[in-house]
Amino acid sequence: MAELRMALAQVNPTVGDLAGNADLVLAWTRRARQAGAHLVAFPEMMLTGYPIEDLALRTSFIEASRRTLESLAGRLADEGLGDLPVVVGHLDRRTLTVARLGQPVGAPLNAVAWLHGGEVLVSSAKHHLPNYGVFDEFRYFVQGDRLPVVRVGGVDVATVICEDLWQDGGPVDATARAGAGLLLVVNGSPYERSKDDQRLELCRRRAREAGCALAYVNMVGGQDELVFDGDSLIVDAAGDLVARAPQFVDHLLVADLELPSAGPVPDGEQHLDVADGTTITVERRIASTGHVPVFDRSPAEIALPLPDAAEVYGALVTGVRDYVRKNGFASVVLGLSGGVDSALVATIAADAVGPEAVHTVLMPSRYSSDHSITDAEELVKRQGLHSRTIPIRDLVLAYEKEVELTGLAAENLQARIRGNLLMGLSNEHGHLVLTTGNKSELAVGYSTLYGDSAGGFAPIKDLTKTLVWELCRWRNTQEAPGPFLAALGREPIPSAIITKAPSAELSPGQKDTDSLPEYDVLDALLDDYVERDLGRDALIAAGHDPALVERVIRLVDGAEYKRRQYPPGPKITGKNFGRDRRLPITSRWRESL
């Protein structure tokens, strides 16, 4: 047996920031060296950030990635780190001089490289390209057909990329047949609720199939509507958990592994039929690290998974924080109504960027209740947010003097005036406007175009109303600051906001239940229709009221044009309104028919 100290660098790259991402690799490699690691690995597409979408199609961007990779290898050597093997994801291209079917010359590759001795030792590309949910990799990349197996400290280490683990056959099959002692997987795996459980079981199963230990490194941070939660881990060949990193924080996970010693290096290349209709070539290299010291093995860290509410909240805070930071905003602004949605958005923002960078605007109308105003003022006081009050009664009257609006049009006018005010303050002070609509409202079209939908980012757009209440109650139980919690004190959200009946307060005595069922009933139906894609008959068979099914389907289908114009927001469910769910706006198909 051989001993290997493995380091997994769970870090937060920024899309397009090649220089900054390379600096991250250098800094965290130093930390890995200080920890005595024999091998350090970084996430998928580390140098470019992930996902890069159509940047993958720009030759200039591909070449910049290739130059950065070569430069990074030299910088590591110059810093005295050249003898420590570094595994890093990057954007590459086909270097074939003759095009093959489906593999044009110069086609982009989602690649991973080993850097050692000041050089790029070997580079390979993702074999399985996901093309479902939020992924469009068939649009950008061509399939890889090589499996690098690199000998480090007497251990053969195979390297694959993210989706290669999720699909049967392919690189995992090749790893087993190549006799590797460790399967290293670099990942850009976006967060979804309960995905941490799926990942662990997947890693356990694939380790047993490959017949070796498995190390899984994932990125953290937000990228537009995607959030990456880290949750890097290592399992042994039997699938037992050896080490696990905490979620939503940058972290170096270090574990001492006892692994099978590698045998003699086979002559020539191995061309393997890998049970998915393709052939993979095993490409062997040696990363000579000189004498690998025998170390005193110490127990590795095994972070406990977060409870569900904490996990979701951590994803939202991470998504907001990185959208604000990576897009160059110093502060945010939102309308604070005294209702539960805006209260949660304000609290998430305070945790994400600090209460000193959160600006709230109270915009009471003639229909706003006294308790809504006082509740909003109390939340501002508890959390230490900036606040100003701009009554809109006279502004509404000024509009009504010029044009007669009644009913829904008059209600929407109030929302649009509020949206105009927020956008004006954004232009004046450089704030990012946060919208406050939830998934239940967006689903049925209860959002006003150019009103409450006006803004730059939508923190709770993937949360049903029932989940909004759940997270408010959870946040009020958290008093101590933490990795994604600011010091907001005890019960930062007044209980009156959580317990009051929801209302848009756009007409006298208005309640949401005047036109919608109770939210627990509505959200259960929306979950089946939106998340599970059940049709009319299947929804009724699942126990939903037939009349409500007909009505909700009409509302959801008719609101697609509104959702297309809504800002992005953090994805936390299996199917968000955005990259996940892509339906035509113009369509005469109706499930109710």
Side-chain angles (χ1 to χ4, degrees), residues 222-227 312-363 376 379-380 383-388 390 415-442 446-463 465 467-468 471-472 475 484 486 488 492-493 497 504 562-563 565-572 576-578:
Q223 170 58 30
D224 295 344
E225 60 189 357
L226 298 184
V227 178
V312 172
Y313 196 86
L316 299 175
V317 170
T318 300
V320 171
R321 179 201 66 209
D322 277 7
Y323 193 87
V324 172
R325 178 176 63 88
K326 292 180 178 181
N327 284 289
F329 290 96
S331 56
V332 300
V333 65
L334 67 142
L336 197 62
S337 68
V340 69
D341 295 321
S342 62
L344 181 59
V345 170
T347 308
I348 291 168
D351 284 326
V353 300
E356 67 282 356
V358 179
H359 297 256
T360 63
V361 187
L362 283 65
M363 295 171 282
L379 182 142
V380 167
Q383 299 190 18
L385 311 179
H386 298 283
S387 178
R388 65 185 297 178
I390 306 176
R416 291 189 175 109
I417 288 173
R418 288 170 170 144
N420 273 330
L421 290 171
L422 291 172
M423 293 308 299
L425 293 172
S426 171
N427 290 158
E428 179 69 18
H429 302 290
H431 308 311
L432 172 68
V433 178
L434 301 180
T435 63
T436 59
N438 62 65
K439 191 171 190 176
S440 304
E441 295 171 347
L442 299 182
Y446 279 44
S447 61
T448 303
L449 281 179
Y450 323 118
D452 53 356
S453 67
F457 201 63
I460 63 171
K461 72 174 288 188
D462 204 24
L463 268 63
K465 188 77 167 189
L467 186 53
V468 169
L471 292 187
C472 285
R475 184 61 182 87
F484 46 82
L488 300 183
I493 303 173
I497 291 178
K562 288 187 175 183
R563 290 189 291 271
Q565 300 179 67
Y566 208 78
K571 166 184 161 63
I572 61 101
N576 72 329
F577 290 131

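The distance from atom CG of Leu463 to atom CG of Leu344, rounded to the nearest 0.5 Å, is 7.0 Å. Separating the CG atom in Leu442 from the OG atom in Ser440 is a distance of 8.5 Å, to the nearest 0.5 Å. The structure places CG of Leu488 at 9.0 Å from CD1 of Ile493, a figure rounded to the nearest 0.5 Å. Between Arg563 atom CZ and Lys439 atom NZ the span is 10.0 Å, to the nearest 0.5 Å. Of the inter-residue distances, the one linking Asp452 atom CG with Glu441 atom CD reads 7.0 Å to the nearest 0.5 angstrom. Considering CG of Leu334 and OG1 of Thr435, their distance stands at 9.5 Å, rounded to 0.5 Å.
For the pair Asn438/Lys465, a side-chain contact is recorded, criterion being any heavy-atom separation below 4.5 Å from C-beta on.
The aromatic rings of Tyr313 and Phe484 lie tilted to each other, with the angle between the two planes from 30° to 60°.
Evaluated for a side chain to side chain contact (heavy atoms under 4.5 Å, CB included) with Leu432, the options Val332, Asn327, Val320, Val333 yield exactly one hit, Val332.
A donor atom on one side chain and an acceptor atom on the other are not found under 3.5 Å apart for Tyr323 and Gln223. Side-chain polar atoms of Gln383 and Thr347 form a donor-acceptor pair below 3.5 angstrom. No hydrogens or angles considered: nothing links the side chains of Ser447 and Ser453 as a donor-acceptor pair under 3.5 Å.
Within the 3.5 Å criterion, the main-chain N or O of Glu356 finds a donor-acceptor partner in the side chain of His386. In terms of modelled atom types and a separation under 3.5 Å, the side chain of Asp351 and the main chain of Val317 share no donor-acceptor contact.
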